[in-house]
Enquirer: 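Dropping the structure in here first, questions after.
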Amino acid sequence: MKFLKSYQPQKEGVQHLRILLHGPVGAGKSSFMNSVDSALRGRVTDRAKTDVATGSSYTLNYKTYKIEKDDQSFYSFVFNDIMGLEQNLNNGVQVEDIKLALRGHVRDGYKFRTDSPLTENDPSYNSNPSLDDKVHVLVCVVPVDSVSVLSDKVVQKLREVRLAARDLGIPQLAILTKVDEACPEVKSDINNIYKSKYLKEQVEKFSARLGIPINSIFLVKNYNSEAETCDDISGPILTALKQMVNFGEDYLNDL
């Protein structure tokens with residue numbers, strides 16, 4: 001927590017480290033954003049709205065989230081939430097829109113269209129993005145119990161985004177969510193998150209399918225039914241966040 005509170009990007013011209021969350025519909029992207037906010041603030045928050053009965057994406061706009069510190073200043077990293085990917089071509093976020101977001105071309109508040117990507121003549125297109133506008137860390141969010149059943153089309157889209165980020169040199173991590181729903185022993189005790197053979201197998205499968213190294217894949221339980229925060233849930237969330245910040249800072253310093 002001390003590291004995260006004191007963190008400031010060293011790169012000139014960068015005020016905030018920008019972390020983009022992407023993944024399939026219903027993966028828990030918005031819930032993860034809320035969980036980071038909750039873990040850092042020590043109380044359960046619900047700023048990024050979620051839908052427990054997700055059939056299609058609940059996040060429709062490109063939105064930047066800042067997280068407030070105790071002293072009413074803000075942490076020096078921000079999250080961007082994005083519409084979820086879907087199997088069909090004209091459903092969910094367009095892969096091209098995610099690529100544009102990586103390069104800083106998507107303005108905050110842009111409402112995604114499922115049938116066509118953002119165009120250069122749209123008012124929401126940022127034609128001259130600064131380094132501060134660009135994404136510095138890409139995070140793929142997927143429910144751990146859907147790793148084995150992700151459709152080939154969704155995997156293809158995730159891979160396409162991954163390769164685009166690779167070409168830009170942007171570091172990448174993955175968050176596998178809903179560990180308690182996928183594993184009864186974790187549901188009974190969250191501390192079993194690192195002991196579960198099933199969860200370990202899913203991490204290995206996901207790494208093989210997407211090509212993300214195992215040490216860049218993090219298992220988390222999002223805050224959803226809890227009324228208060230607790231260290232056992234916040235711990236894995238903050239560990240993943242610290243690695244995001246470390247990866248992003250290294251990326252900026254190498255530019």
Side-chain angles (χ1 to χ4, degrees), residues 4 7 9 11 13-40 45-50 57-68 74-85 92-114 117-118 122-142 157-158 160-162 164-166 168-175 177 218 220 222 237 240-241 243-249 251-252:
L4 294 169
Y7 169 73
K11 189 73 174 179
V14 177
Q15 290 184 314
H16 300 100
L17 184 77
R18 189 173 299 277
I19 302 165
L20 175 64
L21 305 176
H22 83 109
V25 164
K29 296 179 293 298
S30 300
S31 292
F32 179 70
M33 210 312 290
N34 287 333
S35 296
V36 169
D37 194 27
S38 300
L40 289 171
T45 66
D46 185 30
R47 293 171 59 208
K49 298 306 176 189
T50 59
S57 188
Y58 197 66
T59 300
L60 302 177
N61 299 78
Y62 190 64
K63 184 166 182 178
T64 301
Y65 290 93
K66 295 180 180 180
I67 300 175
E68 194 173 342
F74 291 91
Y75 285 91
S76 294
F77 46 82
V78 296
F79 281 89
N80 278 98
D81 197 9
I82 203 166
M83 177 184 263
L85 287 162
V93 66
Q94 295 277 319
V95 168
E96 191 58 36
D97 276 342
I98 304 178
K99 294 179 183 179
L100 290 171
L102 291 173
R103 301 196 297 271
H105 289 302
V106 182
R107 295 190 190 277
D108 204 47
Y110 169 64
K111 186 171 183 179
F112 294 104
R113 295 186 293 266
T114 59
L118 178 66
D122 192 295
S124 291
Y125 185 89
N126 181 2
S127 58
N128 189 26
S130 67
L131 183 55
D132 205 44
D133 296 325
K134 297 176 182 180
V135 170
H136 310 129
V137 185
L138 177 67
V139 179
C140 180
V141 184
V142 171
K157 289 181 179 182
L158 293 172
E160 191 176 339
V161 173
R162 173 162 166 69
R166 180 205 63 185
L168 294 168
I170 296 170
Q172 302 172 54
L173 299 91
I175 300 292
T177 60
F218 294 84
V220 305
N222 287 331
I237 293 166
L241 175 60
Q243 194 72 319
M244 292 172 201
V245 172
N246 281 329
F247 277 20
E249 181 65 13
Y251 164 72
L252 288 172

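Predicted, not measured: the structure shown is a model, and the values here were computed from it. Quick note: numbers below take in every heavy atom, side chains included, and nothing from hydrogens, waters or symmetry partners.
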Enquirer: If we only count heavy atoms from C-beta on, is the Val220 to Ser35 side-chain gap below 4.5 Å?
Expert: no
Enquirer: Testing the 3.5 Å rule here: is there a donor-acceptor pair between the side chains of Thr177 and Asn222?
Expert: no
Enquirer: Side chain to side chain contact (heavy atoms under 4.5 Å, CB included) with Asn61: which residues, sequence neighbours excluded?
Expert: Lys111
Enquirer: Drop me the distance from Leu131's CG to Gln15's CD, to the nearest 0.5 angstrom.
Expert: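 Separation between the atoms: 11.5 Å.
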Enquirer: Could you work out, with side-chain hydrogen bond (donor to acceptor under 3.5 Å, both in side chains) as the rule, every residue matching Asp108, not counting sequence neighbours?
Expert: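 Applying side-chain hydrogen bond (donor to acceptor under 3.5 Å, both in side chains) to Asp108 gives Thr64.
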Enquirer: Restricting to side-chain hydrogen bond (donor to acceptor under 3.5 Å, both in side chains), what partner residues turn up for Glu249, sequence neighbours left out?
Expert: Tyr7, Asn253
Enquirer: I would like to know whether Met244 and Ile175 meet side-chain contact (heavy atoms from CB on, under 4.5 Å); could you show each step before the answer?
Expert: CA-CA 11 Å; Met244 292 172 201; Ile175 300 292; 3.8 Å; yes
Enquirer: If you measure from CG on Leu21 to CE on Met33, what distance do you get to the nearest 0.5 Å?
Expert: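 Reported value, rounded in 0.5 Å steps: 8.5 Å.
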Enquirer: Taking side chain as C-beta onward, heavy atoms only, is Tyr62 less than 4.5 Å from Leu20?
Expert: yes
Enquirer: Is there side-chain contact between Ile82 and Phe112, with heavy atoms separated by less than 4.5 Å?
Expert: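 Yes; the side chains approach each other to less than 4.5 Å.
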Enquirer: Are the side chains of Tyr65 and Asp37 in contact, using a 4.5 Å heavy-atom criterion?
Expert: no
Enquirer: Mind checking salt bridge (charged side-chain N to carboxylate O under 4.0 Å, His left out) for Asp122 and listing every partner two or more places apart, or none if nothing turns up?
Expert: Arg113
Enquirer: Can you give the donor-acceptor pairs under 3.5 Å from side chains of residues 96-103 to other protein atoms, not counting sequence neighbours?
Expert:
{"from": "Asp97", "atom 1": "OD1", "to": "Leu118", "atom 2": "N", "distance (Å)": "2.7"}
{"from": "Lys99", "atom 1": "NZ", "to": "Glu160", "atom 2": "OE2", "distance (Å)": "2.9"}

Enquirer: Where is the tightest heavy-atom contact between Cys140 and Val142, given as atom of each residue plus distance?
Expert: SG-CG2, 3.9 Å
Enquirer: Supply the atom-to-atom distance Asn126 CG to Tyr110 OH, rounded to the nearest 0.5 angstrom.
Expert: 13.5 Å
Enquirer: Sequence neighbours excluded, which residues qualify as side-chain hydrogen bond (donor to acceptor under 3.5 Å, both in side chains) partners of Ser76?
Expert: Gln8
Enquirer: Output the distance between atom CG (Leu4) and atom CD1 (Ile67), rounded to the nearest 0.5 Å.
Expert: 9.5 Å
Enquirer: Apply side-chain contact (heavy atoms from CB on, under 4.5 Å) to Met83 and Gln94, showing your working.
Expert: CA-CA 9 Å; Met83 177 184 263; Gln94 295 277 319; over 6 Å; no
Enquirer: Looking at residues at least two apart in the chain, or sitting in another chain, which of them share a ring-ring contact (aromatic ring centres under 6.0 Å, His included) with His105?
Expert: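 Residues passing ring-ring contact (aromatic ring centres under 6.0 Å, His included) with His105: Tyr125.
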Enquirer: What residues, two or more places apart in sequence or in another chain, satisfy ring-ring contact (aromatic ring centres under 6.0 Å, His included) together with Phe218?
Expert: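 Applying ring-ring contact (aromatic ring centres under 6.0 Å, His included) to Phe218 gives none.
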Enquirer: My understanding is that only residues two or more places apart in sequence, or in another chain, count here; which of them pass ring-ring contact (aromatic ring centres under 6.0 Å, His included) with Phe77?
Expert: Tyr75
Enquirer: Nearest 0.5 Å please: distance from the NE2 atom of His136 over to the NE2 atom of His16.
Expert: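 The distance works out to 11.0 Å.
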Enquirer: Could you list the residues that satisfy side-chain hydrogen bond (donor to acceptor under 3.5 Å, both in side chains) with Arg107, not counting sequence neighbours?
Expert: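 Per chain and number, Arg107 pairs via side-chain hydrogen bond (donor to acceptor under 3.5 Å, both in side chains) with no residue.
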Enquirer: Sequence neighbours left out, what passes side chain to side chain contact (heavy atoms under 4.5 Å, CB included) with Ser130? Give chain and number order.
Expert: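 Asp132, Asp133.
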Enquirer: Using side-chain contact (heavy atoms from CB on, under 4.5 Å), reason through Leu40 and Ile237 one step at a time and then give a plain yes or no.
Expert: CA-CA 10 Å; Leu40 289 171; Ile237 293 166; over 6 Å; no
Enquirer: Between Val135 and Ile170, what is the shortest heavy-atom contact and its length?
Expert: O-CD1, 3.5 Å
Enquirer: List for me each residue that meets ring-ring contact (aromatic ring centres under 6.0 Å, His included) alongside Phe247, sequence neighbours excluded, and say none if there are none.
Expert: none
Enquirer: Are Leu17 and Tyr251 close enough, and set up right, to give a side-chain contact (heavy atoms from CB on, under 4.5 Å), and what steps lead you there?
Expert: CA-CA 10 Å; Leu17 184 77; Tyr251 164 72; over 6 Å; no
Enquirer: First locate atom CG of Asp81, then atom CD1 of Ile19, and finally report the distance between them rounded to the nearest 0.5 Å.
Expert: 12.5 Å
